[in-house]
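Working notes, structure below.
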Amino acid sequence: MLDKTYDAGSVEPAIAKRWEEEDAFAAGANAQTGAEPYCIVIPPPNVTGSLHMGHALNSTLQDILVRFERMRGKNVLWQTGMDHAGIATQMVVERQFAERGEPTRREMGREAFIDRIWEWKAQSGGHIATQLKRLGASCDWSRERFTMDEGLSRAVREVFVSLYKDGLIYRGKRLVNWDPTFETAISDLEVENRETDGHMWHFRYPLADGETYEYVEKDAEGNVTLRETRDYISIATTRPETMLGDGAVAVHPSDERYAPIVGKLCEIPVGPKEHRRLIPIIADAYPDPDFGSGAVKITGAHDFNDYAVAVRNGIPLFRLMDEKAALRSDGEPYAEEVARAKAIREEGGKPDAARVDAINLVPDEYRGLDRFEARRRVVEAITAEGLAVTTTDAEGNSVPFVENRTIMQPFGDRSGVVIEPMLTDQWFADAETLARPALDAVREGRTRIVPENWTKTYYGWMEDIQPWCISRQLWWGHQIPAWYGPDGHVFVERDEETALSAAIQYYIAHGGPMKAFIEDKLENFKPGEILERDEDVLDTWFSSALWPFSTLGWPDDARELKTYYPTNVLVTGFDLIFFWVARMMMMGLYVMDEVPFDTVYFHALVRDKNGAKMSKSKGNVIDPVELVDEYGADALRFTLAIMAAKGRDVKLDPSRVAGYRNFGTKLWNATRFAQMNGAAGGDTFVPEKAKLTIDRWILTELGRTAREVTEALEDYRFNDAAASLYRFVWNQLCDWYVELAKPIFGGDEPYAKRELQSCMAYVLDEAGKLLHPFMPFMTEELWRQTAAERGETRETLACHAPWPEIAFADEEAAAEINWLVEVVSAIRSARAEMNVPPSAKAPLVVVGADATTAERLERHEAAIMRLARVERIEKADEPPRGSVQLVVEEATMCLPLGELIDLDGEAERLSKALAKAEQEVARLEKKLANEKFVANAKPGIVEAEREKLAEAHETRDKLTLAEGRIRQAR
RNA sequence: GGGCGUGUAGCUCAGCGGGAGAGCACUUCGUUGACAUCGAAGGGGUCCCUGGUUCAAUCCCAGGCACGCCCA
């Protein structure tokens, strides 16, 4: 016998153990011979991560699909694993060192540090895999992969080399987002732009050689509002410290105010006066004439917009900061460096990037300062010199003009510090070229995006894709397979040996001094002194992009690769459209020449019950593991599934989880009831042989539900599938079916009882199977226990049970039970309204019943008596005096309640019902009287409306009669 | 500024051209042998506003208002 309540806490681990022992989720488990493959690769969670609600939702949906297809007999693989999360992992481990007072990573060196990360991973990494198991995720855990595994690393090297040789990877000096905490470049997508309080300073850049011009301002009508002679141009900036690296001042070509001075030089008003640099005033479309003064300083090495302007106009890019975003302290004294910069300007032409980058234009007094301290000092110096634009304050004093304004500032999503746009040498992938086939694949429908509206976002991003910076200045990750020769020539090969032979070949062939150098090294057996490996590692997303095929065995000719690639669906949050989807698409098509997945399903974000994004700082994070502890994994899974409507955020309120835990308990108890009545383990039941109406009815509903669930899952409508099951299990199976079964179980018809036992067992089995993908633990446990009760063992686990396909349908039976439900509900409702005590029983007198109703009454007499608390059922030609009269179809059901009846109340109730019926008749008559409706509406609709009208007429007539009777009785 | 989306019961949300629905919450009643993690009955809506299309609009279209998210 089942326990009185289901205890998730003890059942779940036991079931998990069974699944593991029986290898239930191994690739191909339960596959029918020659079965279609079905594969999902998990979007790899981060090795440092722990399960949050997003993962819980994501994994639940994947698991539902995978369990569903496995039960359908497909050859299923849910490939799992984790990515190595370069920055995050390095951060976690370094923090741990700091806490323990251990040496820093630089102190211990690269190799030792990497060893320590592996140690860390073995001890505390991958916590999330354990948590996914608690959720019931039916991945093939034996195939778990890690992006830093040897096989996957080999895939990374192969792809890198191949892309490089195809000209799709190159190295260059570009502006990138620099995280000064981690001292690495990071991706645009790892930068969070936030509004912050900032200042806008206004400074004067004096014109060179004391030049002056007429500065004229006009209003909208063209009237002159200001005319003065100026010997300067004023600019506005939020980042004064970058003035040191200015390469030009830009104005809009149409800006008449500055037209006279375009092409002239002005002086940067900072640094030692005798060495101030002169920079040109250029015309470019970038400055907005209506913003600030209309003139913009151009610092190409520290601002993305400026960078574009500088590149367009051949303005040199002077880098001011080092890896920590402190002002540079390398190079020669300021005076010498300025002279070099001047020389470059005077030479004209396109400046050599490396030569420019070597110039340190930070005045000696500012070298080594933090960027924010430098800002303060620069502002102070300019203001002291009187070159700040001034305004008058409330007391009439002249004060520097500084505006307080909110500015968009970039922050590192992990470090939280202000990101510095910085000119550095990096490796880039030609995303534009790679994106083209990825765009076509979606346009041509080879990959389908669900819900469809995300395709627009996908197109938009892919069409405007920027070069992908793939190098990171980290130690943890795939070191780039690029080696430099003594002259800086780069050799990109899959390993050092190959690179070396390529280098030798290259240098020997090219002759010259390098040839001699190489020959010398080789003669002295010191090949290790020839090449030096690039220190950078690859962006974690580079390896994640290969995930759909690298995990299946690529670059080897693996069987799994042939079977499961392309995979069927990628399930992920829409916030990861650019990370996983875009990159996996690009790499899948480049490497495999085939899309990585047929379908991409985007689910929503999980928010708190008020719709706010969950975040640690807000303190509104709900820990899925805590919910699992409290309510069980099944309850959480069901909640997430039923709330996962397409294109909607999931607002999670823990009370909902409690509600679905109750749902599980309900099913548990209904099964317990069945068991107590000898109904358990329905393997042998044949629906077509059922005779009892309630059996034929519940089988019809079961079939309907099975179809609904199947169709909904095939269409990724998880919420519809779950809702359909909820309705069936609670409102039909556990409610009416069980209630209607009671009189039969308690009665004395052995045949009926036997059929009911096997039918109920069957329906519970099938319902359990349908629920299995949603609530795997409880359904697995019920599956076992219901058989064990009869001393039997199931042939398969529930997770391998065949998915229900029920063709049975009997609409007649369905109509009959609907009628029965209506009769019982009507009586109950009337009793409650009349305040009839629950203990009081009354006879039921039926007037005007036709043959069908008479038959039904006889068949369900016991049920009606029990459920509606009726003493006996009689037929009569006229309703007894003083009865409550209920119209159900053609018949009038009367409850002679004697003095219990409140005649006035009953009269009122009937006239309300009558009014409603008349309203309905009027509405339908009006509609059918409309010639245009009859002429234009589909015939089926018109017919249906006519039938409705006929029914409404009948109801109205019966109610009119009933009302008349009650009036007489008063 | 560009894009996407959302306004339906107190709350969270389904529905989406022909009868306004669910869960939770609320009110009243209930210890009948599956279940109080329950059962019975009930109250509660200008389906954001304004137009348009249509025989018919909560649903389609246009505009507006409000809110959310993403990208500049």
Side-chain angles (χ1 to χ4, degrees), chain A residues 1-2 4-6 8 188-189 192-193 304-305 408 451 453-457 459-461 464 574-575 577-578 604-605 607-613 631-632 635 639 642-677 679 717 719-720 722-724 726-727 730-731 734-735 738-739 741-742 745-746 824-839 866-869 919-920 923-924 926-938 940-942 944-945 948 951-952:
Chain A
M1 179 60 52
L2 293 175
K4 198 162 180 214
T5 47
Y6 171 72
D188 295 354
L189 300 168
E192 205 180 304
N193 289 297
F304 284 95
N305 289 313
M408 280 306 249
N453 41 304
W454 289 110
T455 46
K456 254 196 159 156
T457 308
Y459 292 150
W461 196 71
D464 186 36
F574 61 76
D575 49 333
I577 185 165
F578 311 130
L605 254 44
R607 300 172 181 280
D608 73 5
K609 62 177 175 180
N610 302 313
K613 211 166 169 172
Y631 302 109
T639 309
I642 207 165
M643 296 185 81
K646 267 185 200 175
R648 283 283 225 179
D649 284 342
V650 174
K651 289 185 198 166
L652 189 70
D653 182 342
S655 73
R656 292 290 293 263
V657 186
Y660 295 112
R661 184 267 323 262
N662 297 353
F663 170 66
T665 310
K666 188 76 186 171
L667 175 69
W668 181 266
N669 279 307
T671 311
R672 189 163 173 269
F673 165 81
Q675 217 178 43
M676 292 167 76
N677 287 284
R717 286 180 288 112
N719 59 320
D720 286 342
S724 177
Y726 186 94
R727 261 194 310 275
W730 201 315
N731 301 335
C734 296
D735 187 353
V738 163
E739 290 306 326
K742 283 175 182 172
F745 282 142
V824 171
S825 299
I827 297 174
R828 281 173 171 175
S829 181
R831 290 178 59 119
E833 212 163 326
M834 293 292 118
N835 289 317
V836 177
S839 54
R866 182 189 176 102
L867 298 179
R869 308 196 60 69
Q919 217 182 338
E920 179 75 355
R923 187 181 70 82
L924 290 163
K926 190 181 157 205
K927 196 167 188 180
L928 284 159
N930 182 346
E931 284 168 28
K932 286 181 177 169
F933 169 67
V934 180
N936 292 319
K938 283 184 224 130
I941 298 282
V942 179
E945 297 290 300
K948 270 191 232 163
E951 278 165 29

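From a predicted model like this one, the values you see are computed outputs, not experimental measurements. We name chains A, B, ... by the order of the sequence lines, and we start the count at 1 in each one.
Base pairing analysis places C60(B) opposite G52(B); the two distances defining the Watson-Crick or G-U wobble pair are each below 3.5 Å.
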Nucleotide N/O to protein N/O under 3.5 Å, stretch nucleotides 2-4 of chain B:
unit_1 : atom_1 : unit_2  : atom_2 : d
C4(B)  : OP1    : K456(A) : NZ     : 2.5

Where do N or O atoms of nucleotides 15-19 of chain B meet protein N or O atoms at under 3.5 Å, pair by pair?
unit_1 : atom_1 : unit_2  : atom_2 : d
G18(B) : O2'    : K927(A) : NZ     : 3.2
G18(B) : O2'    : E945(A) : OE2    : 3.0

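Under the side chain to side chain donor-acceptor pair (under 3.5 Å) criterion, no residue pair touches residues 663-672 of chain A, with sequence neighbours excluded.
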Seminar exercise, completed: Its contact letters, B for base, S for sugar-phosphate only and - for none at protein heavy atoms under 4.0 Å, make nucleotides 20-38 of chain B read ---S--------B-BB-BS
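In terms of position along RNA chain B, the nucleotide closest to M643(A) lies nearer the 5' end than the nucleotide closest to the other residue of the pair M643(A) and N305(A).
U12(B) and G3(B) have their P atoms separated by 29 Å, given to the nearest Å.
One interatomic measurement links the two molecules: CG of L928(A) to C1' of C55(B), which rounds to 12 Å at whole-angstrom precision.
Distance from the side chain of N930(A) is smallest for C55(B) among the nucleotides A72(B), A41(B), C55(B).
Legend: residues meeting side-chain contact (heavy atoms from CB on, under 4.5 Å) with N193(A), ordered by chain and number and at least two apart, are V191(A), M408(A), P410(A). Listed by chain and number, the residues in a ring pair (Phe, Tyr, Trp, His ring centres under 6.0 Å) with F663(A) are F638(A), Y726(A) (sequence neighbours excluded).
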For this session: Evaluate the side-chain contact (heavy atoms from CB on, under 4.5 Å) criterion for residues I827(A) and R869(A): first the C-alpha distance (whole Å), next the side-chain angles of each, then the deciding distance (0.1 Å), finally the verdict.
Result: CA-CA 9 Å; I827(A) 297 174; R869(A) 308 196 60 69; over 6 Å; no
